[in-house]
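A short write-up of the structure that comes next.
Residues: numbered from 1 along the sequence shown. From a predicted model like this one, the values you see are computed outputs, not experimental measurements.
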Amino acid sequence: MKDNGETRFILDCETATVKRVLQQAQQLRLTTPDFHYLLTTLDVHAVDLSSFVYDRAKITAFQLIDPGSTTDFNDAPKKRKGNGVSTSKALTTEEALVADTVKLLSVALNKMDSRSLQPYRIDCEAADTWSQGSEVFNAISHTRIEGLTGSVSFDSHGLRSDIYLDIVEVTETGYFNVGEWTSKEGLKFGPPRVLVPISGQVLRAITVVEEPYVMVKKDAEFRTGNDRYEGYAIDLMNRVAEELNFTYILEDKGKIGHGVHNHLTNEWNGLIGELIAKRGDVALGGITISHNREQVIDFTKPFMRLGISILYRKPAAQPPDLFSFLHPFSSDVWVCIFMALILVSGTIFLLARFSPYEWYNPHPCNVHMDIVENQFTIGNSIWFMVGSLFQQGSDVWPRAISTRINAGCWWFFTLIMIASYTANLAAFLAVEQTDQPIKSADDLAKQTEIKYGSYKGGATYNFFKESKHQVYQKIWLAMNEDEKNFVSPGAKVSASTSIASSNKSAAYWTLKASALPLN
């Protein structure tokens with residue numbers, strides 16, 4: 001089990017066997033702080049575990065009774081919820097249950113009229129029943145006592161209700177209550193406890209220089225110790241040290257990074273590897289919380305929550321376009337306007353042909369002429385509609401009621417279109433149009449012209465390296481082709497190193513992680 005990396009065990013065995021199993025685990029060095037044991041026995045207080053607590057292994061168990069209680073039924077203390085126990089007398093759970101059973105029966109019988117009870121000898125092998133048995137059963141079901149195992153009562157089905165279990169951890173000073181389980185509310189944990197008191201201690205803090213969390217002061221050569229460094233993480237650590245009354249010695253580990261897991265050797269490097277190897281007590285910096293890292297080290301509460309984002313050079317403005325005046329409307333809208341122009345022109349041409357009011361004498365002085373003309377030819381109809389669309393006048397005007405109604409509907413349509421076009425054109429000219437070739441991870445994976453990378457050894461680096469998603473795997477393969485795509489730990493990132501441009505307006509995209517905790 002040790003070779004397989006197992007660190008959490010459940011011991012489901014008799015109470016007398018628990019110590020022997022833990023002694024064998026201690027001989028194999030399986031009781032170090034990296035291991036956690038959950039005991040299913042309810043009599044952990046009856047086992048002497050003093051020889052294991054100094055190994056700092058986590059031992060968790062459940063308790064149904066207060067191990068400090070005595071067998072004096074009248075003066076037995078109620079179930080406690082405090083921390084710490086007294087093991088002067090190991091009262092087993094079975095003994096406590098028997099005591100509560102006798103007490104419950106006594107209280108129930110006292111509530112009944114004992115003079116009406118008639119003892120009756122019953123053979124367990126026979127089918128006879130006690131006629132007063134149901135009466136006694138009902139009395140027990142409606143009785144509630146405070147016993148050695150807490151509150152004792154039963155529901156309508158005859159099952160015990162209001163069960164309460166303490167969740168305790170074995171410490172040097174006794175049993176520490178870390179939570180509770182009740183039949184009504186389920187599992188609840190209390191506030192976390194400090195496993196090792198750090199007040200007055202000197203901790204070894206390890207870090208890597210990374211702006212703005214840990215930075216070297218400009219006059220660091222004239223300073224000594226922790227005073228050589230500054231940054232957000234440094235200020236936060238100083239405040240924590242002040243609150244908890246401890247000191248620390250900060251050590252810069254150079255360019256080792258935050259930590260990457262090697263699946264072949266099952267080992268970690270970077271700051272996380274240093275913590276696992278016990279070469280530091282606390283790691284300081286912008287370390288991202290991830291699932292894999294939480295399996296081997298503990299994190300504090302995160303002081304920043306973001307997401308994986310992309311840092312890239314601002315796209316260049318698009319050059320002026322000869323047909324930019326068409327941009328306020330889409331191609332479909334322009335096609336619809338053109339089709340409407342043709343349709344309305346044809347409609348007014350037909351209406352003018354059928355209406356007698358649109359036919360007139362071209363020579364009014366000669367009233368006897370039989371020749372009449374119609375001004376709405378195909379060309380004039382289209383010219384009239386185009387002039388109305390551009391809000392210009394025309395020498396052709398409708399005479400008949402039908403053609404005037406047609407023209408009025410077209411004028412109303414052009415009024416709405418011109419207003420919309422003017423508003424969109426003003427907004428289009430006011431907003432600078434930029435070229436954004438990449439808008440998602442899919443766009444980034446599909447193209448090969450723009451190079452991109454991430455912080456080497458960071459959470460984003462590990463995310464793409466270990467991801468099973470097809471798009472993210474493609475991104476990782478593209479980044480891993482060139483070592484220069486990664487920003488090395490401790491390197492000073494500037495615009496010239498992380499964002500570069502070429503004659504094809506390509507940019508270097510830096511994928512940056514988030515959720516930066518102080519570990």
Side-chain angles (χ1 to χ4, degrees), residues 5 7 32-34 203-216 226 228-234 236-237 240 248-309 311 452-467 472 475-477 479-493 497-498 510-519:
T7 58
T32 61
D34 298 327
L203 302 183
R204 297 172 298 168
I206 56 178
T207 187
V208 293
V209 176
E210 179 186 10
E211 299 179 354
Y213 308 105
V214 179
M215 301 176 292
V216 180
N226 300 345
R228 295 174 297 169
Y229 303 95
E230 63 181 354
Y232 180 82
I234 300 297
L236 186 59
M237 188 64 176
V240 173
Y248 68 95
I249 300 177
L250 187 61
E251 179 183 359
D252 182 10
K253 289 294 183 177
K255 301 180 179 181
I256 64 175
H258 294 162
V260 180
H261 182 236
N262 190 327
H263 294 281
L264 298 178
T265 61
N266 196 27
E267 294 180 350
W268 287 80
N269 60 10
L271 294 178
I272 297 178
E274 295 292 310
L275 290 177
I276 296 175
K278 309 301 181 183
R279 289 191 287 269
D281 298 320
V282 58
L284 192 62
I287 307 173
T288 304
I289 300 176
S290 65
H291 175 73
N292 292 339
R293 290 175 175 177
E294 285 188 311
Q295 302 302 311
V296 294
I297 62 174
D298 293 326
F299 284 87
T300 63
K301 296 294 183 181
F303 58 75
M304 184 179 296
R305 295 183 182 273
L306 296 173
I308 294 180
S309 56
L311 174 67
Y452 47 90
S454 66
Y455 182 82
K456 186 174 183 180
T460 307
Y461 177 93
N462 294 330
F463 171 78
F464 286 102
K465 180 180 179 181
E466 301 174 0
S467 177
Y472 299 153
I475 292 177
W476 166 251
L477 293 176
M479 289 192 299
N480 201 35
E481 288 179 353
D482 189 357
E483 189 68 21
K484 295 181 180 179
N485 290 337
F486 301 109
V487 179
S488 302
K492 290 186 176 181
V493 181
T497 59
S498 65
T510 302
L511 298 162
K512 184 62 179 174
S514 63
L516 305 171
L518 173 65
N519 178 42

Do P212 and Y232 touch side chain to side chain, with heavy atoms closer than 4.5 Å? no
Are the side chains of I256 and V208 in touch, meaning some heavy atoms are under 4.5 Å apart? yes
Is the distance between the ring centroids of F463 and W476 under 6.0 Å? no
Just how far is it from atom NE2 of H258 to atom OG1 of T207, taken to the nearest 0.5 Å? 7.5 Å
Taking atom CG of L250 and atom CZ of R228, what is their separation to the nearest 0.5 Å? 8.0 Å
Going by salt bridge (charged side-chain N to carboxylate O under 4.0 Å, His left out), name the residues that satisfy it together with E483, two or more places apart in sequence or in a different chain. K456
Donor-acceptor contact below 3.5 Å, side chain D281 vs main chain L203: no
Check: Y229 and D252 side chains under 4.5 Å, non-hydrogen atoms: yes
Starting at CG of N480, measure out to CZ of F464 and round the result to the nearest 0.5 Å. 13.0 Å
Heavy-atom side-chain contact between W268 and N292 under 4.5 Å: yes
State whether the side chain of R204 and the backbone N or O of K278 hold a donor-acceptor pair below 3.5 Å, judged by distance alone. yes
Heavy atoms from other residues, nucleotides or ligands near CG of L477 exceed 12 (cutoff 6.0 Å): yes
Where does the angle between the aromatic ring planes of F303 and Y213 fall among parallel (under 30°), tilted (30 to 60°) and perpendicular (over 60°)? tilted
Output the distance between atom CD (E230) and atom CD (E211), rounded to the nearest 0.5 Å. 9.5 Å
Less than 4.5 Å apart, side chain to side chain, heavy atoms only: is that true for R293 and T288? yes
One should read off an interatomic distance between I206 CD1 and L271 CG, to the nearest 0.5 angstrom, of 5.0 Å
With a 3.5 Å distance limit and no angle check, can you tell me whether N269 reaches the backbone of V260 through a side-chain donor-acceptor pair? yes
I'd like to check V282 versus M237 (side-chain heavy atoms, cut-off strictly below 4.5 Å). Are they in contact? yes
Let me confirm one number: the CD-CD distance from E251 to E274, rounded to the nearest 0.5 Å. 8.0 Å
